[in-house]
2 protein chains.
Amino acid sequence: MVAGAGESGARRLAGWGFTGVTVPAPAALLSWLGERLGPGAPQQVRAPRLDVLPAARRLPPLPGEVSDAALDRLAHARGQGLADLLWLRGGVTPAVPDVVARPREAEVEPLLAACASAGVRVIPRGGGTSVTGGVNVLAGEAPVVVLELSRIAGLLAVDEGSSLASFGAGTLGPAIEAALAPRGLTLGHLPQSWELSTLGGWVVTRSAGQESLGYGRIEDLVAGGELVAPAGRLVMPARPASASGPDLRQLVLGSEGRLGVLTRVTVRVSPRPAGREVRAWLLPDWERGIEAARALLHERVSLSLLRLSDPTETAAALLVGLGESSFGSLARRYLRLRGVGEGCLVLLGAAGSAVHRRRALAAGAAVLASHHAVALGSGPGRKWLADRFRHPYLRDSLLDAGYASETLETAAPWSGLAGAHRAVAATLRESLAGEGERVVVLCHVSHPYVDGASLYFTCFFRVPVEPAAAVARWARLKRAANDALIRHGLTLSHHHGVGSWHAPWWRDEVGEAGARAIAGAAAALDPAGVLNPHVLLDPVDRLVE
Amino acid sequence: MVAGAGESGARRLAGWGFTGVTVPAPAALLSWLGERLGPGAPQQVRAPRLDVLPAARRLPPLPGEVSDAALDRLAHARGQGLADLLWLRGGVTPAVPDVVARPREAEVEPLLAACASAGVRVIPRGGGTSVTGGVNVLAGEAPVVVLELSRIAGLLAVDEGSSLASFGAGTLGPAIEAALAPRGLTLGHLPQSWELSTLGGWVVTRSAGQESLGYGRIEDLVAGGELVAPAGRLVMPARPASASGPDLRQLVLGSEGRLGVLTRVTVRVSPRPAGREVRAWLLPDWERGIEAARALLHERVSLSLLRLSDPTETAAALLVGLGESSFGSLARRYLRLRGVGEGCLVLLGAAGSAVHRRRALAAGAAVLASHHAVALGSGPGRKWLADRFRHPYLRDSLLDAGYASETLETAAPWSGLAGAHRAVAATLRESLAGEGERVVVLCHVSHPYVDGASLYFTCFFRVPVEPAAAVARWARLKRAANDALIRHGLTLSHHHGVGSWHAPWWRDEVGEAGARAIAGAAAALDPAGVLNPHVLLDPVDRLVE
C-alpha cells in the first residue's frame, strides 16, 4: 500500500537510509546549482577511525543488553542532521556514548534508576533520524548511555471497536503498517523518515506525516501511552477526551526524551484506504497558490495531502522531471501558452476508495480551477508517490558533488504566510554573503490547517571539503535562520523538533515563563537532570559541537 | 441564531441563571420521582445573612477596582455546584473572599505580584458556574481575593483570512457570538452554561460545547492566548501547529487558575451556520444505541451534535413531553407496536446551510435506520433547541420540592462504554443505600469521538432540609462516584473539570508522576502557591467545606 524506498541493506553510518539504496543527483539539478552557486568541490566519504574511540568510562551495572562495541558506539553517536553528516563523512570521530543499551520494557526503570543515581546521562533513541541534534552525544564529564528502543517494539494490543492500537515505542513505521494491514487498518502517519523512524520518536518530536491533512498530526493520533521517568512511571490510559486537568499526553508530545523514556503508545487508527492518488497542477503564482490552498482548507475538501511549491522549488521540480523525462520543457512551453509564467506546483492527494478519491480530487480540482490552475495530469503525482521516501537520499549525492542541502520548517497563520516566506527566504539567501557564498532557497507548503500552514524551506549552498569549515558555514546559516524565525514571531519548528540546535532560541520562542514551566515539570520527573540534557532546556549554542 | 433562555434580570445568588427566568418542575416528573424516591421535603430558599460576614482581613494595596461590599463578597464565594446551592439556599453563610477585585488587563500583573508577596490567595473567576468547587473560597489563614475577569472582556482582534479571533478571557458566551455574527463568523462553542460562562473559564476547565461534534472541544478551538502568572507572563501566539517542545497551550487548558490568570484567548472561528436543526429517533435498546452512535462516528457523518439517552433518561424525557403535551404516551404506544420496548432516544443535529443540514441528517437517518431506529420527527429537536440552556434551572425547582439533581460525566473508549455505564450507574444507584435512600440514575452520551464517547449521568435523590445534612448526603454520593471512576480506570471528568471536589482523586487518575509534573510546572509559575490553592493539586477531601 505504502511504497517504500527499499529497506535493503544495513543503515548507513554517514548518510541517509539503507546501504542498498542510492539516489544519484540528476545532472540537470547539478548544472542548475552550478549556475547559481558556482562549481562544487567534490567530496568523498572518509572511513571513520574506530581505533581512536576513547575507552568507555566506568558505569554502574546496567540491566539488559549493553554494548560497548566500537561500531555500535559510533553508529549511535549522532542523528541525521546536516552537521552530523558533515562530521561523519569527513572521518571526524565525534563524541560517542560509553555504551549502547537495548533494554526490554521492564529493564527501563532499573536502568534509569541506576543512571540517575550515578549521574550518568541517558539519551533515548528511536530511529536516530533527528535533524535537530536531538539524539547527539556531546562531550562532557558524565558518562553517556544511549538507550536504544529497538527491543521495545511491536504491536501490543488492538481495540478494533474503538479504533485504537498500542505499540512499543520503538516500532518502526513499516512495522506499524504491517501489523495493522491484516486487520484492514492504518495509522496513516508517513513522515519522510517513515522507513527509519519510530512511533516513540514521532511522539516526542511532534512529527507530522505527509498525509497529516487526512490523518492528522501525531498529536491528533496519540490516545495514550506510558513514559518511564527516573521519578516514576507516567501511565496515560487511552481517553477519547478528558477535562481532568492539563493533558499529560501533550506534555510528553514534544518532550524529546527530556522528561522520560516513552515506552508505549496507543494510537487512533483508521480504515486502511483502498488506494492513494496524487495529482498535480500549476498555479500562476505563489500568492494565488496560497489563496487556493486556503480555499481548499476552508471548503474542507476531503484531501489527505496538499503541497504547494514556490516558484523556485517549482522550477527545480520541473527541471528534474516530474514523471516523464521530457515533461519539464513540454510543461513549461504549454504553460507559457496558457499565460502561467513561472508557476507554482500543487500536488493534491486523496486516500480511500476509488469513489472517494475521485470525488475528493474533483472537488479539489474545482477549487483550483477557480484560481486559474492548469492540470498536469497523474504522472507527476505517481512519481512523487513512488519517490516520497527516496528524496532524503539525494542529500548524500549532492554532498558528494560539494553541495549541501539543509531544510528547516516553520508555520504561520494564513494572513502571515506570504510575509513569513519572504522574510525567511531573504534571510537564508543572504546568510552566507559575508563569506561570499550564495544560497538557493526553495520552499513549499506541505501541512495546511484551517488557520494557517507550514513552510518547508530547502537551502542549497556549497560546502568546503574540510569538515570543521563545512560545519561552521552551516552553523552560520542555521543561526541566521533561527534568529529570523524568532525576530518574525515564528515557531522554530513545525515538525522537526527543538533538539539541541534550536534550544537556545526556544527560550525566546516560549518566553522565560514558558521555559520555566517545562523546566519545572522536567525537574519533577528527572530530578538529577540526566535525561538528554542538551535538548530543549539547554541554553548553550552547540551547533558546532 | 442561538436561542438563549432570557438574559433577563440579575444573576441569582442561590440558584442558576437570571432572576427573571424560572423553569417549574413538570408535575409528571415530580410524581415519577415521588414513585421512585418517596415524597420530597419541600424547601424554601432562605435569605443569606449579610450582617454576619467576617470583617475583611488586612490586604496589601491592590491596583484597580476592588470591592468589599457584603453582597459582592457573598456573590463571589461559591460556584454553582449542588453543594454550593445547598449551603446558599439554606441561608448558611460560607467562607467569603476578603475582597472582589475587577482588574483591567494591565492591572493583573501588579495585583498578582502584590498578593504573591503578601501570601494572599487569589481565585480567578469568570462566570462562576463551576460545578466542581473550582472557584470556591475556603476557610483558611491567608486572606482571599476573588479576581473577577468581567473587565477583561470583549473582542480584541479578528484575522478573517486565518479564521482567528482574539477575546479578553472574561468574555461571556453570548458576547462572543454577538461580536462574531456581524462578520458572518461563529465560535460554535455552546456549553450548557453558555449564557453565564466565559471563554477563559471554558479554556481552563477544558469545556466541551453541546456541538463539539461539529466545532470541536475548546482544546481544538484555542489557537493562542496569554496567561499572567506571579513568575511571569506566558505569551502563546496563534500557531496552526508547532513542534517546538511540549504545547504550552495544553498546559493552560485544564489549569483551573492554578498556573496563572488567563487574560486573552485567540480562537479558531468558523463560518456562521445559516441554520441549526435537531431531529429525534428512538432506538430499540442501549447497546444498539451505542453501536449506532459509533457507526455514525466511523462513517464520519457531518453532524454537529449527537445525543443518545439510556432507557431511564429516555423514559423521563418521554414523560415530560418532547414537543407536544400528548407526545409521550402517543410515542410509547406507537413504539410498542413497532417492537421498540423502552427504547433509547437519539438526537442528531446539523448546523450549516439548508442543503448541508438535509444531507447530513439524511446520512444520519440512513445509519440509524440500519440500527432499527424509529423517527420521531422534528418536534422533539425543536423543543430541545429552544430549551437547551433552560435545563439547569430545573435543578432549583426540583430542590424546592425536596429532590436534588446532581450530574457527573466521564468518557471511555467505545469498547468500554457499556461496561462503564453499567458500573457507574450501579454505584450511583446504591450510593445512599446505607441511609435507606434511593437514587434514580439517568445517563446519556453527548460527546462522541472516533475512539469513544462521554457518559453524562444525572442522579436524583431526596435531600434533607437542613443544609449540613443535605451536603453530607451529596458528599456520600460524590465520594462513591469518584471512587467508582478511579476503580474502573475512568477519567474523573469529561468537561466539568477537577476543581476541589475531584482533586483528591485526581492524583489517583494521573498517578504520582503525573501529579508531580503538573505540580512542578505550577511551582515554577506560582512559587508562593497563592493561586486557587484548593483545586487540582490539593489532596484534601473538601466536599463538605
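Reminder, nothing fancy here: chain letters follow the sequence lines and each chain counts from 1. Hydrogens, waters and symmetry mates play no part in the numbers below; they use all other heavy atoms, side chains included. Owing to the predicted nature of the structure, the values given are computational and were not obtained by experimental measurement.
- Nearest heavy-atom pair across A/Leu164 and B/Pro413 is CD1-CB, 4.1 Å.
- For B/Asp451, the parts lying near chain A are the backbone and the side chain together; criterion is any non-hydrogen pair under 4.5 Å.
- Residue contact with chain A, scored on non-hydrogen atoms closer than 4.5 Å, involves the backbone and the side chain of B/Leu251 alike.
- Shown here are the side chain to side chain donor-acceptor pair (under 3.5 Å) partners of A/Asp538, two or more places apart in sequence or in another chain: A/His534, A/Arg542.
- Residue contact with chain A, scored on non-hydrogen atoms closer than 4.5 Å, involves the backbone of B/Ala453 exclusively.
- The two residues A/Ala513 and B/Leu525 have their closest heavy-atom pair at O-CD2, 3.5 Å.
- No more than 12 heavy atoms of other residues, nucleotides or ligands shown are found within 6.0 angstrom of CZ on A/Arg359.
- Close approach to chain B, defined as a heavy atom under 4.5 Å from one of its heavy atoms, is seen in A/Arg294, A/His298, A/Arg300 of residues 291-301 of chain A, taken by number.
- If you tally non-hydrogen atom pairs under 4.5 Å between each of B/Gly232, B/Ala517, B/Ala519, B/Ala524 and chain A, the highest count goes to B/Ala517.
- For chain B, the option among A/His494, A/Glu256, A/Glu160, A/His496 with the highest count of heavy-atom pairs below 4.5 Å is A/His494.
- Checking side-chain atoms of A/Ser415 against main-chain N and O of B/Gly161 turns up no donor-acceptor pair under 3.5 Å.
- Heavy atoms closer than 4.5 Å to chain A are found in the backbone of B/Leu253, but not in its side chain.
- Within the 4.5 angstrom heavy-atom criterion, atoms from both the backbone and the side chain of A/Leu234 approach chain B.
- The side chain to side chain donor-acceptor pair (under 3.5 Å) test applied to A/Glu219 returns A/Arg206, A/Arg217, not counting sequence neighbours.
- Heavy-atom distances place no part of B/Ala523 under 4.5 Å from chain A, backbone and side chain included.
- Interface summary for chain B: among A/Glu409, A/Arg268, A/Arg233, A/His495, the most heavy-atom pairs under 4.5 angstrom belong to A/Arg268.
- In terms of heavy-atom pairs under 4.5 Å with chain A, the best-connected choice from B/Ala412, B/Ala522, B/Gly499 is B/Ala412.
- Scanning residues 239-249 of chain A against chain B with a 4.5 Å non-hydrogen threshold yields A/Arg239, A/Pro240, A/Ala241, A/Ser242, A/Ala243, A/Ser244, A/Gly245, A/Pro246, A/Asp247, A/Leu248, sorted by number.
- Ranked by heavy-atom pairs under 4.5 Å with chain A, the first of B/Leu259, B/Leu490, B/Val269 is B/Leu490.
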